[in-house]
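Chain A is the first sequence line, chain B the second, and so forth, proteins listed ahead of strands; every chain is numbered from 1.
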Amino acid sequence: MPEPRTPPPHDGLDLGPFAETAARFWGHHALRDPRRVILVEAMSQDLRVTLRTLAVANALTRVEPADVVVLSGTDEDWDAVVWSYFDLDLVTRLCHAHGVRQVVDVHDVVDRRVAAEPFHERVTTPRGSLDLGGPLPASGIDPERLASVVDATTCRMAQVARVDGTPRVQEKRARVSARAEQFSRVYDALLTELDVVAVVSSHVDYDNFGLLVEAGLRHGVPVLFPQSTGGLKVYGLFPERQDAADPVRAGLTVDLGRFFEDHVWAHREVLRRSAELTVHRSKAMLGRPSWWRPGRNFSGVELRGPQDRAAVRRVAAAGLGLDPDRPVVAVFNHAVSDALGTNVEAYPDLAAWFEDTVDLARTRDDVGWLFLDHPSQALYDSTDFFARVAAANADAGHLAFARSMDLSKNALTSLADLVLTVRGSVSNEYPTFGIPAVQTGWSEWSACGFTTVVSSPEEHAKVLDDHLAGLLEGRALVGPEQVERARLWAWFYRSGSDVASPLVPPWQLGQGQALLDVLTTTMQHTEVDADPLFTSVRRLWTRRDPVATRVDLTRDDAALADDLGACR
Amino acid sequence: MTYDLASLDLSTSFDAVPLPLAVPGTVGRGDDPALVLLDGASRGAHRLARLRRQEALAGIHVEVTGRPLRVTVVLLVDDHATRLWRLAQGLDATAHPHEEAFHRVVRLAVGGRPRALALLHRRTVDERGCLQRLTVEVGPEEVGPGGLLTLGFDVPEHLPSWALRRLLPDGLTGVCVARVKVEPLERPVRAGTSTGRSPDTSRPDRRSLVPRRPGGFAVSPGSGESLRVVLSPRAVADRPTPEGPVPLATRAREPLARLRDRAQAAVVRRSGEVHVEVTRVTDGRTRTVRLPLRPDGSALLELDAADGPVLCRPRLGAGGAGAAVADWHVRAAGGASRSSPFRRVGVPSPTCGGPVARSSHPGPTGRSRPVRAGLSGLAGAPEKLGRVLRRRYPTVAVTGMTGVGKTRLADRLARRTPGEAAGEVGSATMERRTRRASRLRGFRFLVVPGDNAATRLGALDQVFHDEPVDGVLHVVANGHATPRRTAGTTGAASATREEQLAAELEDWTITAHRIAAMAVRRDAPVWLVIAVTKTDLYPDDLDEVLAYYSPGSGSPFAAKIDELRALAGGARLSVDVLPVAAEGGDKRSSLPQKEADAMVEALATRLGQLSGHV
């Protein structure tokens, strides 16, 4: 199902004053060197995403002076399935306001190359120029890796859980494959011919984004990966710590786990109060990429203890036909075609995990099972995957299937005694309340020690068996340390690695005129010395940290407490 | 008992401390600390909540009394409800989807069990909105062990076709839960009917009128096992259609004339049958009940309370040729087994017929409603007048454990001699003292009995809930309270100072909760003076003792004050700690009389400042 065609949020946007101010501002604050280049992806329709990638790239030029070259554009598949208001002209104007040297419509380049259409698109290089319309050598990408990216992109564009032999999917795959091959050639050529300092990309998956990131890492170029949430959150993927055989996010998982252990868990005494407060605030609104979305429900988790939970559990269980006296396992289905294969997972795809879990659940009627579909599934699945699985298992009384928004946060929290997911954010949210979570895939937090991570279907079955036995015996499956770790992760995600800079307003400000007005005011009236955008990007880059941080977390407890302005 | 997850840890150190609703009590604002859980709804600034999803839940933390409760929920559909509904439907403010042509159905569940049903049909003339009250009896077992009363709101799945026809889609959106009143159950709850119409103070009879749309009504069971509903059809003879062209003048006055003619033509049918389609909303099972019309023109519908809330649609059966039913009046007659003990003498039985019958046959008293109202108003006049006069002075609750000297201190403040109060030591009733002064600068003191009196809780309710006082004078004695036995027992009592301090702390905990409950439920700030009395017994330790009772000092007593301030909000509660000695100058006392008097006067001055006298 296509995304609802809502009016573009930047209809009627007055870009003029912002563009004028930003051009002057970045003219003073970004340092250019025409011999070196930072490649920036700007292929998202959301203004905020582009503003963040451009801001990070310009901040990096203060450490590594370079020109910025932007890769942008869209194609018919993305327009049909994902975007509804992508505006290349707007993106180009924004780029020029940020002092970008050149904007390349890379989708157009790829489409013309696929169509074998003669054209010229020249990019200036230290040795002259590179014509992206001319002959380009084949990419050095591992064919298996390329095939994996093609399959993942095909699933997303066809909105299916896995590539099958149906004509529609095969037709889509052929088109994606042809494009992916040309994306690889173009990205390889750029990284070979240009002196690229870094790649800045808002996504690391699918052919257009993913192949750029893959090419960057393969060519020894670090990738900065700003996130679409909060204030400024940037991950750093450094080629020296990436294993070429692993999925692109795997190295980040390991790095974040180590960083968490060394610099967050180690400071737990100082951070405890802040972590408690973050969890308290998160009860009401967890923000992106939480399972819960703002504006879709009107209450937070207000349960305060077992008695409250029991009272709500009775009501919630009655509505779903579950037995409140038995443990309930909550299984969170994923958006089935979302970013497949970008991290280590126990199952070949997300749907396979879900089907296997349902099969396991059928055999265990000594507990209740609640299967919930993803809130945005309509944008990712055109096959009614969840409804079909639910219909096939309608005869099992101990299994309940529900759309995610059918249940409130309180109802769900009152029911879930064990959470199952591949990589969903529920596995970091529920452990903060002492509710155990089992993951069958890696995620940013899966190496932080508060979830159980399994690596194969066999291990999944065994771990599930152990957990169900524990629940039935009344055994605690997570201890106070896991709860504290989960709460510290909540702090780290929402605060420690969420850089508050006036040059990157909070995501919730939207992408309308207000965003531009705030930025214009900041650029006109605030001097930028010690701005967190600049200091955090510098720290990340020079220390090769996996994530930009609000303060220097390597300092000792006392210094950190001072930097945080912690309450004593 | 539901499954208990061993590792569960839902709380954080920032969670608000819940404050149970004292019974009787009303929760009417979203920020009330008794409203501990709200799901699928948003908290209201001036009302309790607005429903936003099609299933909502409210959890109210109530005082555990172990007794059955009477819970009344007030639902309202007003302009804001319409606005929220339009917003949720994606309609802008200018869109006019004729929402008034639709009705809403709201089911109330207590502890997950469906208990009552309301129809809400706001007409264009209902300027203030459409209001419905649902009252249910809640047993002690239905309130969770921690005192959590859960109220669920949803739309029943099984509705009859007539109710579905013009049911507002997503109809719970915007419905206001205006307030929830919780009282001890002192008499059985009568069955309730909901016609969708608001109670209209100028036309009380209108509430029982079943409007043509949706054409039915809801019945919610009360306390009894069976319930009876009296139906009174009002039939209207068809008005003959005028032949030939109607003159312009007639056409112009047609709407009014038609209304008048119809009203004049209203007749009460006294024979025939009434058919009522009764639908159980739990499973959609529908049955038709045929009822004979009684000589007074009404029909009696008996329902089984075990069916839970039902929807009913009446129709005129055989014998109705030549007349059309304009409308019906419905009235619940209460549970068959319990209605009689509560029937008021001298008031016409509800089975005597609907408002039409009453207008043609006045009731046995022969008095019109306004006259009756006037007489009853006069009868209550002295009490009201007394209340007005009493309120000329600020009221101050004097609290504290037994034996600290509350009454003695109130006497001193009221300039009353000890002799007058000698017999009132350890009184089990609430003592009243008035300090009179010119220009309304006096006080009225209400001395709440100490913890050895059975009437204490009632007195606390009175001063902190029923008629909230302006300020509180809490008396403490640093463990030097005079030990007393429970009221009604004889013999000497003894207690160590440590025991007395512990008892004092326990007493303060209870009182502090009541003060917080009062403070959060009213807009005006509340003041509290902690009077540290019997200072003549420990003159050398006075500074230390005052610190013990002062906020922020870290003592157990201070911790309770800090908690109280956190609950009530610092700006809503001022706290003073003052030393005082009601006795002085005699052989036992180390304090000269003059100094003792000065302390009492200083206290009176401070009370004056807090009350705005100075």
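Neither the backbone nor the side chain of A:Leu418 comes within contact range of chain B; no heavy atom of the residue lies under 4.5 Å from a heavy atom of that chain. Within the 4.5 angstrom heavy-atom criterion, atoms from both the backbone and the side chain of B:Ser13 approach chain A. With a 4.5 angstrom heavy-atom cutoff, B:Leu37 touches chain A via backbone and side-chain atoms both. Residue A:Ala318 does not touch chain B at all, counting heavy-atom pairs closer than 4.5 Å. In this structure, no portion of A:Ala275 lies under 4.5 Å from any heavy atom of chain B. Residue A:Arg309 touches chain B through its side chain alone, counting heavy-atom pairs closer than 4.5 Å. Contact annotation for A:Val483: only side-chain heavy atoms (C-beta onward) come within less than 4.5 Å of a heavy atom of chain B. Interface remark: B:Leu8 contributes backbone and side-chain atoms alike to the contact with chain A (heavy atom separation under 4.5 Å). Only the backbone of A:Arg326 has a heavy atom closer than 4.5 Å to any heavy atom of chain B. Residue B:Asp4 touches chain A through its side chain alone, counting heavy-atom pairs closer than 4.5 Å.
Shown here is B:Arg29, whose CZ atom has more than 12 heavy atoms of other residues, nucleotides or ligands within 6.0 Å.
Contacts with chain B were tallied for A:Ile435, A:Val478, A:Asp325; A:Asp325 has the most, counting heavy-atom pairs under 4.5 Å. Most heavy-atom pairs under 4.5 Å with chain B: of the set A:Thr432, A:Leu471, A:Val312, A:Val279, this distinction falls to A:Leu471.
For the pair A:Asp417 (side chain) and A:Val328 (backbone), a donor-acceptor distance under 3.5 Å is present. Panel note: side chain A:Arg485, backbone A:Cys448; a donor-acceptor pair is recorded below 3.5 Å. Looking only at distances, no side-chain donor or acceptor of A:Trp445 sits under 3.5 Å from a matching main-chain atom of A:Phe450. Side-chain atoms of A:Arg313 come within 3.5 Å of backbone atoms of A:Ser414 as a donor-acceptor pair (strictly under, hydrogens ignored).
Rounded to the nearest 0.5 Å, atoms CZ (B:Arg280) and CG (B:Leu311) are 13.0 Å apart. Going from atom CD of B:Glu137 over to atom CD of B:Glu142 covers 8.5 Å, rounded to the nearest 0.5 Å.
In this structure, a donor-acceptor pair under 3.5 Å is present between the side chains of B:Asp15 and B:Thr12.
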